Amino acid sequence: MMAKFLKPREDDDDDIVPTWQSDKPDVNTDNVTSFIFNSNVSLGLEQQKQRLPIFKNKNHILYLLENYQTLILVGETGSGKSTQIPQYLFEAGWCSGSRLIGITEPRRISVTSLATRVSDELRTQLGHIVGYTIRFDDCTTEDVTKIKYMTEGILMREMMTDPLLRKYAVIMLDEVHERTIFTDILMGLLKKILKKRSQLKLIISSATVDAEEICHFFNMSTTNNATILSVKGQLYPVSINYAIDPVPNYVQGVVDTTIKIHESMPVGDILAFVIGLDQIEHIVRLLKEYVNQRTDLKLLVLPMHGSLPNNEQIKVFRPTPRGMRKIVIATNIAETSITIPGIVYVVDPGFVKAQWFNPNTLTNSLVVVPISKASAIQRAGRAGRVRSGHVYRLYTEDNFKQLNNSTPPEMQRTELSSAVLQLKALGIHNILRFAFPSPPPAQNLRVALELLFALGALDEEGNLTKPLGETMAELPLHPIHAKVLLGSGEFGCSDEIASILSLLQVQDIFIKPSSGALALKARVLKRNFEVEQGDLLSLLNIFAFYEQQDNKKEFCHKYFFNYKVLKRATELKAQMISLLRKYNVPVVSSPRNTNAVLKCLTSGFFSNAAYLHHSGAYHTVRGNEELHIHPSSVLYTLQQPQWVIFNEIVHTNRSYMKDLCVIEHDWLLELAPHYYQTVINFGGR
DNA sequence: GAGCACTGC
């Protein structure tokens, strides 16, 4: 059935006002050339700054900050708030003394590009007045840097050494509408800090409508200390078209709609949001078939998703050849992470795949859910970055009105043991009574506390143990991984463990070509590194070979490994090794003793153990949940081992264990007796 | 026989 659309609203008429667009040039510069659209390139920087909508609010913002401790700023992307407000504060003298303005961002790429932009605007060298800090890259100068951009995790780490954040005069949390787990923890902690440091100012910057709720959170149990200001964004107008009837099959809906746009609308590229990889491939195939039937069509159909190899990703950023129209079929990656230039039309089916943690089964489910209003608005905005655009929503206006304002915060749908350990280390004793902006389910907190106790990070009273718990909290790792790393010296294999753990932090190292022949070749080559002990040791094997290569790039190219990812893993490993030295854990290697590595892993992963049930499926030892080996595992095609540990469970149509490791059941009793004493006999039968 | 997207002293 062809999707039908209402006419665009009359008030969304084209009104082209060329102005500076790029609040956040958020294209990953590691991948591609950076595309920063700036239609005011011929204007002086000062003129450009004054054209930003935020400029009109400058004095008002400064006034409000004088009178309120917390300012909640609502403004769409493009308003210039992330770049301008820190400069206004700096010029207004908020950095007198030795204090700084700190701005947090959820992504590293935002941190570096914003800091670069602002230091250009102030005509200073990056790292002097304006600096940034991300993991592995501290580009600030002590006593010189006044405006500091950083990732949220960095500010949280700073709280461990400076709990009241005395270095800062103003903290600005940016992109708060994304509600990452760090944003929520920071808001909870900052609420406490604000009470103790009345001179500290907090700016919460958000793109959406949840401002009232956040304002209420900061006003609770204090005087009216928080206020809201809305700033107009600066995107070109985007006309909104809703489907008249619900679209039953969104794959067909996307295909029909893009074809209809192509046949009836003026030039301009099309971006369609799709849930998953197979749907992308399906739609791309259908559109290509359509293109092939009609030789007169000048259409360029491109897929875009995170696991696409680099050279394929770059294609969507290339300027569309004259007379052609580009159609990009993308996952959610195009919603916030990357900005594709030239998009005028957006097709939005209104669904997304989201991760959900189930504390009863201790598993993550990947579920398809309707997007939020905030996402719908963000997606629509992707059509208005070049000139006025159009969004085609494959759902009705009534459907839109029923959407949640925003996706539930990550805090409410994720595994919490890392977060709880951090809070304990920051002196929050009663986690259940902590002021969470959106409290997580109590069950999720309980499960996290139990795991931390089983790992030995907490004692029976729930206090951080010394030194184990305290040290685990210091490490930038999941508590299970932290436990494994800190124990690796005793097992004589810290080098191997550091390799494995670093590979578990990064994205998939395997490049999966989309062409069938190459995909087969990649799979055959991967076999060279596979070992019967499972995925974690196979990964170690690959990494050991990688480390020995003189020409690492060529090695990766030959075996279809992702060089960029392995390079990042090398950095992570080096950091882990230096952390081991810091905490006096011997850095040793036992390349031939695989059992030592396996036992060391078991000493932390014991709660993620499963045994082969006579039904042919696996069962967790506690909970008795049915599990299966993920088809991507090296164990998938081998004889099923009796006992395994795993790094992760994903629940799609079944529960799959990923990143497996073959173990012996005696090790569980030996290494985690407190956890397994009572249940092991049942499981071991 | 399966894969939304990010991210940390």
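This one's a predicted model, so the numbers in the text were calculated from it and none came from an experiment. Sequence lines set the chain letters: A, B, ... in the order given, protein chains first and strands last, and positions in each chain run from 1.
- Atom CE in A/Met657 sits about 16 Å away from atom P in B/dG1, given to the nearest Å.
- OP1 or OP2 of B/dG8 lies within a sub-4.0 Å distance of a side-chain N or O belonging to A/Arg108.
- A close approach under 4.0 Å does not occur between any side-chain nitrogen or oxygen of A/Thr180 and OP1 or OP2 of B/dT7.
- Summarising the geometry, the separation between CZ on A/Arg413 and C1' on B/dA5 is reported as 10 Å, rounded to the nearest angstrom.
- When the ring pair (Phe, Tyr, Trp, His ring centres under 6.0 Å) test is applied to A/Phe510, the partners found at least two apart in sequence or on another chain are A/Phe561.
- Within 4.0 Å of A/Arg523, counting heavy atoms only, lies at least one base atom of the nucleic acid.
- Distance from the side chain of A/Arg107 is smallest to B/dC6 among B/dG8, B/dC6, B/dG3.
- Side chain of A/His305, nearest nucleotide from B/dA5, B/dG1, B/dG8: B/dA5.
- Shown here is A/Lys192, whose NZ atom has no more than 12 heavy atoms of other residues, nucleotides or ligands within 6.0 Å.
- The A/Pro476 side chain lies nearest to B/dG8 when the options are B/dG3, B/dG1, B/dG8.
- Among the heavy atoms of the strands, none lies under 4.0 Å from A/Ile181.
- Under the 6.0 Å cut-off for aromatic ring centres, A/Phe605 and A/His481 qualify, their centroids lying closer than that.
- Here B/dT7 presents its P atom at 12 Å from CG of A/Leu572, a figure rounded to the nearest Å.
- An OP1 or OP2 oxygen of B/dT7 is reached within less than 4.0 angstrom by no side-chain nitrogen or oxygen of A/Arg157.
- Looking at heavy atoms from C-beta onward, A/Leu155 lies in side-chain contact with A/Ile171 at the 4.5 angstrom threshold.
- Exactly one residue among A/Thr116, A/Asp137, A/Thr112 makes a side chain to side chain donor-acceptor pair (under 3.5 Å) with A/Tyr132. That residue is A/Asp137.
- Remark: P of B/dG8 and CD of A/Glu178 are 13 Å apart, rounded to the nearest angstrom.
- Each of A/His630 and A/His478 was assigned the nucleotide of DNA chain B with the nearest heavy atom; the assignment lying further toward the 5' end belongs to A/His630.
- One can place CG of A/Asp508 at 16 Å from P of B/dA2, the figure rounded to the nearest angstrom.
- Taking the nucleotide of DNA chain B with the nearest heavy atom to each of A/Pro631 and A/Ile333, the more 5' of the two is matched to A/Pro631.
- Rounded to an integer number of Å, the gap from NE2 of A/His282 to C1' of B/dA2 is 17 Å.
- Ranking B/dC6, B/dG8, B/dG3 by closeness to the A/Gln507 side chain, first place goes to B/dC6.
- We find that CD1 of A/Ile109 is positioned 9 Å from P of B/dT7, with the value rounded to whole Å.
- Taking atom CZ of residue A/Phe351 and atom C1' of nucleotide B/dA5, one finds them 18 Å apart after rounding to whole Å.
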